[in-house]
Structures are given as structure tokens and as C-alpha cells.
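The structure appears right after this line, and notes come after that.
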Amino acid sequence: MAKGKPSQAETSACRLYLVTPPVLEPAAFAPRLIDALDAGDVACLQLRLKNCSDDDVRRACDVLRPIAQDRDVAFILNDHPRLAREMGCDGVHVGQTDTPYRDARKIMGADAIVGVTCHDSRHLAMVAAEEGADYVAFGAFFPTATKIAEHHAEPEILHWWSELMEVPCVAIGGITAANCAPLVTAGADFLAVVSAVWDHSDGPGAGVRALHAAIAAAPKVWTTITETDEADAD
Ligand SMILES: Cc1ncc(COP(=O)(O)OP(=O)(O)O)c(N)n1
Ligand SMILES: Cc1nc(C(=O)O)sc1CCOP(=O)(O)O
Ligand SMILES: [Mg+2]
């Protein structure tokens with residue numbers, strides 16, 4: 001089959017969005033967080049604790065929030081807008097079965113960051129953006145052991161979104177230094193990662209450096225061959 005004419009688009013800078021492990025002991029985790037954040041540019045840290053009490057979340061915020069904010073890294077709490085506001089977080093991330101975006105925004109106020117999980121759905125992302133979300137998150141792009149991911153996204157959705165919309169998009173799910181290049185080239189504004197940083201064999205700082213090197217090395221131009229292109233070439 002003849003090759004069609006590629007469509008090309010330049011991509012812009014892609015930054016790291018770190019998500020904590022789902023279980024952590026704040027005092028023990030603090031030096032690992034410092035190692036990660038001092039290794040290179042990180043835009044956001046999301047505190048994502050699962051199956052723990054509100055007081056556990058408060059204790060983790062008290063220890064980890066200053067470490068992030070002192071380094072100009074936005075501190076975002078997963079799932080809990082009321083706790084996010086109470087604890088002085090910069091924002092909250094909500095999923096499709098969490099507090100609805102509009103309620104989260106009312107709780108957090110106009111200036112806070114509110115991000116929304118949109119799985120692999122263009123429709124959910126359009127709704128979230130129209131409602132005022134600060135970013136939309138697509139995933140999971142790759143298999144992940146961090147959680148049971150029920151949706152699978154392809155890099156095309158990042159390209160489609162970034163061509164059409166100003167609202168930033170986050171890619172999440174199984175992302176590593178070895179596999180992130182297509183997501184960067186497709187136009188992801190942020191790569192959200194858990195295990196690629198916290199489980200890196202040489203420590204979290206090495207994980208951040210490896211991701212930065214991979215982002216810098218990713219091809220700058222997205223190339224697709226559409227069915228129309230192929231028909232034109234016949
Ligand atoms: C940046 C980012 N994207 C997606 C998610 C997933 O949120 P959700 O679907 O609510 O699932 P849980 O993380 O709450 O298990 C996220 N947390 N962060
Ligand atoms: C928290 C989360 N949300 C996902 C989604 O697809 O919405 S995937 C995921 C886990 C990301 O961890 P890792 O980088 O270790 O794969
Ligand atoms: Mg959630």
C-alpha cells in the first residue's frame with residue numbers, strides 16, 4: 001500500500017507530574033520526595049493515598065506540602081476537595097466517580113487547580129474543559145501495576161486534544177522513560193508517573209533524571225498517516 005502524506009505538528013514543552021505511591025509513611029517518604037524534586041523540573045506533586053483515614057491524609061499533607069511548595073511545585077490532593085482546601089493544597093484531582101468537578105470547584109475556589117480524569121473519552125474531556133477544569137487527564141496509556149486501570153488510551157487522543165484545545169492535558173498510566181516518547185511527541189503537556197520514579201532502581205532522583213532525558217530525546221514532530229492521506233496517494 002502506498003504511503004500517504006504525513007500530517008505534521010510541532011509539539012511544545014512537556015513537564016513531569018509526580019503522583020505519590022498509594023501507601024506511604026510521611027517521615028520516611030520525605031527524603032525520597034526531596035531526592036525526586038531536587039533532581040530536575042517537576043510541575044506538580046499529587047498526594048494520592050488510598051484506603052486511609054482523613055487524619056492520615058492531614059498528617060501526610062503537613063509533612064509533604066511544604067517540601068513541594070518550597071520548591072514551587074504545585075501540591076495537589078487526590079479525591080478530597082474539602083481536605084485539599086482545609087490543608088492549604090494548591091489543587092485537587094477528581095475522577096469520574098469522585099466529587100463532581102463543579103462541586104470541587106465551589107469548594108476549592110476560583111484560583112485553585114482542579115484537574116479531572118477523562119480516561120480515553122473525548123466527550124468527558126470536552127465537558128470538563130467547558131466546565132472550567134485546569135487540566136484533563138487521559139489514560140491508562142500502558143499496563144500499570146499501581147492500580148486496576150479499566151480504560152486504555154492511545155497517543156492520538158493527546159494529539160487531537162492539543163491541536164484543538166488550550167486546556168493542558170496530562171497522560172497517565174504505566175509511563176516510563178522507555179515508553180514515554182510517543183506521548184511527548186503527541187502533545188502531552190504533563191506526564192504523570194508513580195512507579196517510574198518511586199520504584200526506580202537507583203532512587204527517585206534517578207527516575208526523574210531518566211524521564212527528563214527521555215522527554216528531551218522524544219521526536220518533536222508528530223506524524224500520522226490518515227485514511228484520507230492514503231486515498232489521496234493512490
Ligand atoms: C493526573 C491523574 N490522572 C488520573 C488519575 C486517576 O483518578 P481517578 O480516576 O479518580 O482514580 P484514583 O486515582 O482516585 O484511583 C489521577 N489520580 N491523577
Ligand atoms: C493513578 C492512576 N490513574 C490512572 C488512570 O488511567 O486514570 S493510571 C494510574 C496509576 C499510574 O501509576 P504508574 O505510573 O505506576 O503506572
Ligand atoms: Mg479519584
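Order of listing sets the numbers, starting from 1, for every ligand and every atom in it.
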Distance (rounded to the nearest 0.5 Å) between [X] [atom1] and [Y] [atom2]:
X	Y	atom1	atom2	result
L191	I172	CG	CD1	10.5 Å
I107	R82	CD1	CZ	4.0 Å
L183	C180	CG	SG	7.0 Å
C169	L164	SG	CG	11.5 Å

> Can you list the protein N, O or S atoms less than 2.8 Å from the Mg ion (ligand 3)?
Replying inline: D79 OD1, D98 OD2
When you check the gap from the basic side-chain N to the acidic O, do [X] and [Y] get nearer than 4.0 Å?
X	Y	answer
D55	R58	yes
R15	D189	no
D41	R71	no
R32	D35	no
R209	D202	no

> Taking the minimum heavy-atom distance to atom 16 (C) of ligand 1, which of H151, R48, H93 ranks first?
Replying inline: H93
>> Pairs of nitrogen or oxygen atoms closer than 3.5 Å, one from K50 and one from ligand 1: do any exist?
In response: yes
> Do any N/O atoms on N78 end up under 3.5 angstrom from N/O atoms on ligand 1?
Replying inline: yes
>> Could you identify the single nearest non-hydrogen protein atom to atom 7 (O) of ligand 1 and state the distance to 0.1 Å?
In response: T117 OG1, 2.9 Å
> What part of V19 sits under 4.0 Å from ligand 1 if we count only heavy atoms: the side chain, the backbone, both or neither?
Replying inline: neither
>> Just so I know, are the side chains of C89 and I76 near enough to count as touching, which here means a heavy-atom distance under 4.5 Å?
In response: no
> Got the residues with a heavy atom under 4.0 Å of ligand 2, by chain and number?
Replying inline: R48, G139, A140, T144, T146, K147, I172, G173, G174, V193, V194, S195
> Does G174 offer a backbone N or O that forms a donor-acceptor pair with the side chain of N179 under 3.5 Å?
Replying inline: yes
Please identify which atoms of ligand 1 are closer than 4.0 Å to at least one heavy atom of [X].
X	result
D98	10 (O)
K147	6 (C), 8 (P), 9 (O), 11 (O), 12 (P), 13 (O), 15 (O)
Y17	1 (C)
Q46	1 (C), 2 (C), 16 (C), 17 (N), 18 (N)

>> Looking only at the side chains, is there a donor atom on one of H152 and E150 sitting less than 3.5 Å from an acceptor on the other?
In response: no
>> Is it the case that the ring center of Y135 lies less than 6.0 angstrom away from the ring center of H93?
In response: yes
> What's the verdict on salt bridge (Lys or Arg N to Asp or Glu O under 4.0 Å) for R48 and D79, showing C-alpha distance, side-chain angles and the deciding distance?
Replying inline: CA-CA 8 Å; R48 177 177 178 270; D79 287 345; over 6 Å; no
